[in-house]
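So the structure is just underneath, and the comments pick up after that.
Lettering follows sequence order; numbering is per chain, from 1.
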Protein chains: 2
Amino acid sequence: MRKLTSTNYYNQTFLEEKCTLNELINLLSKRWLTEVMFSIEEGNNRFSTLKEDLKHISDNILADRLKLLEQHKLIIRNDNFREVPSRVEYTLSETGAKLSELLDGLCHFSETEMEFPE
Amino acid sequence: MRKLTSTNYYNQTFLEEKCTLNELINLLSKRWLTEVMFSIEEGNNRFSTLKEDLKHISDNILADRLKLLEQHKLIIRNDNFREVPSRVEYTLSETGAKLSELLDGLCHFSETEMEFPE
DNA sequence: GTTTCGGCTCATTTATATAGGAGCTACTCA
DNA sequence: TGAGTAGCTCCTATATAAATGAGCCGAAAC
């Protein structure tokens with residue numbers, strides 16, 4: 001899917017190898033990703049309630065972001081298949097909670113110290 | 001240049017208005033931007049030395065990132081036009097230094113707590 | 001007087017991210 | 001039997017970001 005021979009790709013991996021901060025920022029910059037995390041933190045733990053909470057997100061993006069968050073172990077996916085009807089439930093992991101705290105700090109900074117032009 | 005009627009644009013501004021963290025992350029996610037900032041912090045204060053330090057960056061991207069950083073008052077651009085030859089010099093602003101500290105925190109988190117798959 | 005250097009700008013091409021919309025599976029409820 | 005819901009997947013279209021490469025302006029060194 002992704003072209004592995006482009007300069008674009010080369011530069012991205014170069015930066016990610018230089019410092020994993022770049023990898024983290026790359027992840028965080030996927031649209032809706034932090035909002036999905038925060039929404040889960042606030043207790044919206046199902047696909048449908050998340051979708052409702054984040055009004056404008058589309059299904060495939062929400063599915064993708066949940067997958068990304070799970071792959072990076074920031075959230076945990078519980079498939080309660082023994083319940084009927086079976087339902088999937090998401091919760092924040094410990095790592096996810098720590099990240100959320102750090103982001104709160106960044107958020108505070110951005111609201112009090114940053115100036116966004118125009 | 002940017003299309004103002006797309007859902008893409010609408011969603012981005014929706015998120016930015018919801019919380020300026022999204023705006024900050026958007027800025028930080030521009031490739032090379034944090035590296036340019038760090039490089040200036042380390043004393044590379046000229047276009048040409050930055051270009052040399054960040055081997056693979058191209059001119060127009062470097063110019064753009066410097067402009068962005070300046071617009072957001074994270075760096076300061078000094079045009080010493082009375083010197084001969086006139087030269088431009090960049091330094092980190094106070095806000096920039098604070099941001100850099102916060103990013104150090106994130107960096108530490110990302111190196112010690114994050115797991116990046118594959 | 002022409003070449004060199006610093007610090008850029010601009011137009012075009014290439015690559016990637018986001019959105020839209022159809023559809024699928026397992027289950028339940030009427 | 002047929003419709004409805006949750007939690008997705010896949011394909012395509014659209015929008016945006018990054019890279020390439022040429023070029024420009026003023027000063028200065030040869």
Side-chain angles (χ1 to χ4, degrees), chain A residues 1-16 22 25-33 35-36 40 44-52 54-70 75 77-90, chain B residues 1-16 22 25-33 35-36 40 44-52 54-70 75 77-90:
Chain A
M1 184 118 281
R2 178 149 198 189
K3 195 173 174 188
L4 305 178
T5 58
S6 63
T7 307
N8 191 322
Y9 177 74
Y10 174 83
N11 280 347
Q12 185 179 328
T13 54
F14 168 78
L15 290 172
E16 289 180 349
N22 286 307
I25 289 178
N26 242 342
L27 179 68
L28 297 176
S29 73
K30 304 274 175 195
R31 193 175 292 173
W32 300 103
L33 189 129
E35 297 298 331
V36 171
I40 290 173
N44 299 302
N45 52 13
R46 304 186 58 185
F47 194 92
S48 46
T49 55
L50 285 166
K51 204 179 131 161
E52 204 177 329
L54 307 169
K55 293 191 199 72
H56 307 292
I57 199 170
S58 49
D59 288 16
N60 62 345
I61 299 287
L62 177 54
D64 178 73
R65 298 315 184 243
L66 287 169
K67 203 171 289 174
L68 277 173
L69 286 166
E70 194 200 353
I75 63 173
R77 181 185 192 275
N78 292 305
D79 196 337
N80 302 330
F81 51 85
R82 51 181 61 220
E83 268 184 51
V84 167
S86 90
R87 59 210 203 80
V88 179
E89 204 178 278
Y90 297 97
Chain B
M1 185 119 279
R2 177 149 199 188
K3 194 171 175 189
L4 303 178
T5 58
S6 63
T7 308
N8 192 324
Y9 176 75
Y10 174 82
N11 280 347
Q12 185 180 327
T13 55
F14 168 78
L15 290 173
E16 289 180 350
N22 286 307
I25 288 179
N26 241 343
L27 178 67
L28 296 177
S29 73
K30 304 274 176 196
R31 193 173 293 173
W32 301 104
L33 189 129
E35 298 298 331
V36 171
I40 290 173
N44 299 301
N45 52 13
R46 304 186 57 186
F47 194 93
S48 46
T49 56
L50 286 165
K51 205 180 134 165
E52 204 177 328
L54 306 169
K55 292 191 199 73
H56 307 293
I57 199 170
S58 51
D59 288 17
N60 62 341
I61 300 286
L62 177 53
D64 179 73
R65 299 316 183 243
L66 287 169
K67 203 171 289 174
L68 278 172
L69 286 167
E70 194 199 352
I75 62 173
R77 180 183 192 277
N78 292 304
D79 197 336
N80 303 329
F81 51 84
R82 50 181 65 220
E83 268 184 53
V84 168
S86 89
R87 58 210 203 81
V88 179
E89 205 179 276
Y90 297 97

Whole angstrom value for the distance that separates [atom2] of [N] from [atom1] of [X]:
X	N	atom1	atom2	value
A:Arg87	D:dG4	CZ	P	23 Å
A:Tyr10	C:dT16	OH	P	16 Å
A:Asp79	C:dT25	CG	P	17 Å
A:Leu50	D:dT5	CG	P	19 Å
B:Leu66	C:dC8	CG	P	7 Å
A:Asn78	D:dA6	CG	P	19 Å
B:Ile40	C:dG7	CD1	C1'	14 Å
A:Leu33	C:dA17	CG	C1'	13 Å

### Query
Does any N or O in the side chain of B:Arg65 come within less than 3.5 Å of the main-chain N or O of B:Glu35, such that one atom is a donor and the other an acceptor?
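No, B:Arg65 side chain to B:Glu35 backbone: no donor-acceptor pair under 3.5 Å.
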### Message
Students often mix this up, so state it plainly: with edges at 30° and 60°, are the rings of A:Tyr10 and B:His56 parallel, tilted or perpendicular?
### Response
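Correct class here is perpendicular.
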### Query
With a 4.0 Å cut-off on heavy atoms, is A:Tyr90 in touch with a base, just the backbone sugar-phosphate, or nothing at all?
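The answer is sugar-phosphate, as A:Tyr90 gets under 4.0 Å only of primed atoms, P, OP1 or OP2.
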#### Entry: Sugar-phosphate or base contact per nucleotide [nucleotides 13-26 of chain D; S, B, -; heavy atom under 4.0 Å]
--SSSSBB------
### Message
Taking side-chain contact (heavy atoms from CB on, under 4.5 Å) as the definition, give me every residue that meets it alongside A:Thr49, ordered by chain and number, with sequence neighbours left out.
### Response
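side-chain contact (heavy atoms from CB on, under 4.5 Å) list for A:Thr49, sorted by chain: A:Asn44, A:Arg46.
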Let me confirm one number: the [atom1]-[atom2] distance from [X] to [Y], rounded to the nearest 0.5 Å.
X	Y	atom1	atom2	value
A:Leu33	A:Asn26	CG	CG	11.0 Å
B:Leu66	B:Ile40	CG	CD1	5.5 Å
A:Phe47	A:Leu62	CZ	CG	4.0 Å

### Message
With a cut-off of less than 4.0 Å, is there a side-chain N or O of A:Arg46 near OP1 or OP2 of D:dA6?
### Response
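Negative; the distance criterion is not met.
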### side-chain N/O B:Lys51 vs C:dG6 OP1/OP2, d < 4.0 Å
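B:Lys51 to C:dG6 OP1/OP2: no side-chain N or O under 4.0 Å.
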### Message
Ignoring hydrogens, what is the shortest heavy-atom contact between A:Arg31 and B:Asn11? Give both atom names and the distance.
### Response
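Scanning both residues, the minimum pair turns out to be NH1-CB, 3.9 Å.
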